[in-house]
Amino acid sequence: MQNPKILLIIPAFNEEKTILNTLNLVKATNYDYIVINDGSTDNTANILYKNNANFIDLFSNLGIGGAVQTGYKYAYDNNYDIAIQVDADGQHDISYIDSLIEPIKNNEADLVIGSCFVDKKAKSKRSSKIRRIGIRILSNFIFIMSGGKRVYDPTSGFRAANRKTIALFSEKYPLEYPEPVSNYELLRSKHYVIKEVPVRMNKRAGGKSSIRSWKSAYAAFNVIFSILILSLGRKKYD
Amino acid sequence: MTSLQIEMSITAIVSFILILIFLKRSSLSVKNSLAWLLLPLICLIIAIFPEPLSNFSSWLGFETPSNFFFLIFIGVLFAICFFLTISISKQQKIITKLVQEVSILKNKDSNGKRK
C-alpha cells in the first residue's frame, strides 16, 4: 500500500486535563485526526474549539462504543485507508503508530492491536495486578471461544484498522466494552486477520478508565456474556 | 351481581375510558394501545361472566379463581414489559445513529465555514 491516508480517532469524554496535551502531540505528527467529544460535561468541548481542533461534538453522550464508531464512520466517509484509535488521556504512546500501521501497509492484517502483553520483557506499569489477571482470563476465554486464536491484550484501545475493517466498524460496532467484543467478532470470522504488536503504554495522565475498578467485575461478566451470545451465532460478520 | 363484580366492572370501564382519552390526545399511538385496551376489556368480561373463569381455574388446579386471575395478569404485564424493552433497545440504536450522523454533518458544516 503506497501512501495510505491515515486518520487518528481520539474519543474524549470529560478529558479537560489531558486533551490539550494529547492534541498537541497528535498535531505534531502531521497525521490527520478527529477528536470525538462524547457529550462531555466539562470543558473539553471549549478547549477543542479554542484550539481550532478538528472535532465532532456529539450532542448527547453515547458511551465509548458509539463515540469510537462515529470516528470510524468519519474515516469511512472521508475515504481513509487506515484508522487508528488513540485514547485522549495520554495513555497511548503516539510514537508507536508506525509499528501499528506496518502490518496493514504490508497487507498482513486487517486489524492491529497495540498490546503491552506481547513482549513479556517490557513490563507494563499501566495496570494493576487484578486488571492483568482479568485480561489474562479474558484472553484465554477468547482463545477457547474462537477456536485457538490468541489475543494477549483484548481490551487494548490502541488499534489500527484497514479500509475493510473501517467499513465493517462504521456499519456495526458494539456499544459497550467494544474492544474485546469486536476483537472476538473479527477472530471468529474467516475474512479478517488480527495482529498484535508490542507497545509501551504510559500511565494515564489523568481521567479515569472507562472500566472503573468497582465496575470491573460487572464489565468482565458483560464482556463474557456478550461473547457467549455472539458465539450462539448472533448476526455474524461473515 | 356481587359487589366485587361491580367494583371490577367500574374499574375496567374507567381505565378503558382513560386509555381512550390518551389515545384521543395522541399521546399514545394506536399500535401501542391495543394491548392496554385489551386488558380492561378482559377484566370487564370476567366481571360480568365470572363462571367460566372459576370453572377453568379449578380445573387447572388453582385454589381460588383470583389466584389464576393474578397469574394471568402478571403474565400479560410481563409480556408487555418485555416488548417495551425490545422497543427501547431498537430506539437506542436509532438514536445512536441519529446523534452520530447529525454530529458528523455539523463537523462538515463548521469545516466548510472555516475555509
Side-chain angles (χ1 to χ4, degrees), chain A residues 7-13 32-40 44-46 48-80 83 166-167 169-176 178 222 225-226 229 234-235, chain B residues 15 18-39 60 70-115:
Chain A
L7 177 77
L8 307 188
I9 298 169
I10 308 161
F13 174 64
D32 287 358
Y33 68 91
I34 183 83
V35 181
I36 317 289
N37 174 36
D38 188 13
S40 295
T44 307
N46 258 332
L48 290 168
Y49 186 75
K50 273 182 196 155
N51 288 280
N52 213 13
N54 181 27
F55 74 107
I56 290 174
D57 198 22
L58 297 178
F59 54 83
S60 176
N61 178 266
L62 293 182
I64 181 69
V68 171
Q69 191 187 31
T70 310
Y72 280 116
K73 282 189 174 176
Y74 179 90
Y76 185 76
D77 289 348
N78 293 286
N79 295 314
Y80 282 98
I166 291 171
F169 282 171
S170 65
E171 202 50 49
K172 195 166 177 283
Y173 198 69
L175 286 180
E176 276 188 276
N222 207 319
F225 186 64
S226 301
I229 296 290
R234 184 191 203 220
K235 282 189 192 162
Chain B
S15 24
L18 270 175
I19 295 165
L20 280 184
I21 288 172
F22 276 102
L23 252 178
K24 201 181 151 231
R25 283 187 198 157
S26 48
S27 46
L28 183 68
S29 72
V30 179
K31 187 186 150 209
N32 294 333
S33 69
L34 290 178
W36 293 110
L37 282 171
L38 256 154
L39 282 182
L60 282 174
F70 286 139
L71 185 77
I72 293 294
F73 260 68
I74 290 171
V76 171
L77 289 177
F78 182 88
I80 293 178
C81 268
F82 185 72
F83 286 110
L84 279 179
T85 315
I86 287 179
S87 95
I88 287 172
S89 306
K90 252 189 215 162
Q91 291 186 4
Q92 192 194 7
K93 271 186 197 163
I94 295 169
I95 290 169
T96 300
K97 210 169 179 183
L98 205 65
V99 171
Q100 289 176 332
E101 297 294 339
V102 171
S103 303
I104 289 174
L105 277 178
K106 273 185 173 172
N107 166 275
K108 259 185 205 162
D109 193 41
S110 65
N111 276 356
K113 274 176 199 162
R114 237 179 264 163
K115 280 164 194 168

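All chains are named by letter (A, B, ...) in the order of the sequence lines, taking the proteins before the strands, and each is independently numbered beginning at 1. The shown structure was predicted, so the numbers you read here are calculated from the model rather than taken from an experiment.
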Measuring from A:L62:CG to B:K97:NZ, what's the distance to the nearest 0.5 Å?
-> 13.5 Å

Is the CZ atom of A:F59 crowded by more than 12 outside heavy atoms at less than 6.0 Å?
-> yes

List the atom of A:F55, the atom of B:N107, and the distance in Å for their closest heavy-atom pair.
-> O-ND2, 2.9 Å

Provide the closest heavy-atom pair for B:I104 versus A:Y74 in the form atom of the first, atom of the second, distance.
-> CD1-N, 4.2 Å

Check B:S103 against A:D57 and note the closest heavy-atom contact, atom names and distance.
-> OG-O, 3.4 Å

Do other residues, nucleotides or ligands put more than 12 heavy atoms under 6.0 Å from the CZ atom of B:F22?
-> no

A:D77 versus chain B, heavy atoms under 4.5 Å apart: side chain, backbone, both or neither?
-> side chain

Can you tell me how far the CD atom of B:Q100 sits from the CD1 atom of A:I36, to the nearest 0.5 Å?
-> 9.0 Å

For atom CD of A:E171, is the number of surrounding heavy atoms from other residues, nucleotides or ligands below 6.0 Å larger than 12?
-> no

